[in-house]
**Q** 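Sharing a structure with you now.
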Amino acid sequence: MNKALCVGINYPGTPFELAGCVNDANDMAEFLGKRGYGVYSLLDDQATRSNMLVQIKSLVTELRAGDTGVLLYSGHGSWIPDRGGD
């Protein structure tokens, strides 16, 4: 089985609003769905930290040897210092 999680966050109504992230997630979901992937999407307000962690865990734990998993995230990122040297 092939599964995917597509996350797109435009941050609507904020000073950091983006224009194409939800489109990216929807386009990739359509692309993967046509290729037989089971796709779950989280868009804008659905893409809370809690929901993302639940869905990432679900994606990872449901995959078996030989399966393919895809995680797409389209939105803002940030930098975090590497304090552990890994």
Side-chain angles (χ1 to χ4, degrees):
M1 170 182 264
N2 298 320
K3 298 188 72 162
L5 172 60
C6 297
V7 179
I9 310 171
N10 284 340
Y11 309 90
T14 72
F16 311 106
E17 189 166 349
L18 299 171
C21 299
V22 169
N23 292 343
D24 292 345
N26 285 332
D27 288 347
M28 187 58 86
E30 180 181 355
F31 175 85
L32 293 168
K34 288 180 179 178
R35 285 151 182 82
Y37 281 74
V39 180
Y40 190 84
S41 296
L42 292 172
L43 307 174
D44 283 334
D45 290 343
Q46 300 168 329
T48 63
R49 179 182 189 277
S50 176
N51 285 346
M52 289 173 61
L53 290 174
V54 165
Q55 293 306 320
I56 291 168
K57 182 177 180 180
S58 176
L59 174 70
V60 172
T61 58
E62 292 177 13
L63 294 172
R64 300 290 176 252
D67 292 349
T68 301
V70 174
L71 171 61
L72 169 90
Y73 173 82
S74 184
H76 283 296
S78 65
W79 291 91
I80 298 174
D82 179 7
R83 296 191 174 128
D86 59 351

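Computation of the quantities below employed the complete heavy-atom set of this structure, encompassing side-chain atoms and omitting hydrogens, waters and symmetry-equivalent molecules. Start at 1 with the first residue, then count along the sequence. Values in this document were obtained by computation on a predicted structure and should not be read as measured data.
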**Q** In Å and rounded to the nearest 0.5 Å, what is the CG to CG distance from Asp45 to Asn51?
**A** 10.5 Å
**Q** Report the hydrophobic cluster partners of Leu43, with the cluster defined as I, L, V, M, F, W, Y residues connected by side-chain heavy atoms closer than 4.5 angstrom, directly or transitively.
**A** Val22
**Q** Going by the rule ring-ring contact (aromatic ring centres under 6.0 Å, His included), which residues pair with Tyr11 if we only count those two or more places apart in sequence or in a different chain?
**A** His76
**Q** Should Tyr40 and Leu59 be marked as a side chain to side chain contact (heavy atoms under 4.5 Å, CB included) after you check the CA-CA gap, both sets of side-chain angles, and the distance that decides it?
**A** CA-CA 9 Å; Tyr40 190 84; Leu59 174 70; over 6 Å; no
**Q** Is the side chain of Asn10 donor-acceptor paired with the backbone N or O of Asp44 at a distance under 3.5 Å, no angle test?
**A** no
**Q** If two hydrophobic side chains count as joined below 4.5 Å and joins carry through other members, does Ile56 share a cluster with Tyr73?
**A** yes
**Q** Looking at CD of Gln55 and OG1 of Thr48, how far apart are the two atoms once the value is rounded to the nearest 0.5 Å?
**A** 9.5 Å
**Q** Which residue pairs pass the salt bridge (charged side-chain N to carboxylate O under 4.0 Å, His left out) test with at least one member in residues 3-17, sequence neighbours excluded?
**A** Lys3-Glu62
**Q** Taking a hydrophobic cluster as the set of Ile, Leu, Val, Met, Phe, Trp and Tyr residues connected by side-chain heavy atoms closer than 4.5 Å, whether directly or through intermediates, do Val7 and Leu18 fall within one such cluster?
**A** yes
**Q** Mind listing the closest non-hydrogen atom pair of Leu72 and Ala25 along with its distance?
**A** CD2-CA, 3.6 Å
**Q** Looking at every heavy atom in both Asp24 and Ser74, which two are closest together, and how far apart are they?
**A** OD2-OG, 2.7 Å
**Q** Where do Cys21 and Ile9 come nearest, in terms of heavy atoms and distance?
**A** CB-O, 3.3 Å
**Q** Taking a hydrophobic cluster as the set of Ile, Leu, Val, Met, Phe, Trp and Tyr residues connected by side-chain heavy atoms closer than 4.5 Å, whether directly or through intermediates, do Val70 and Leu5 fall within one such cluster?
**A** no
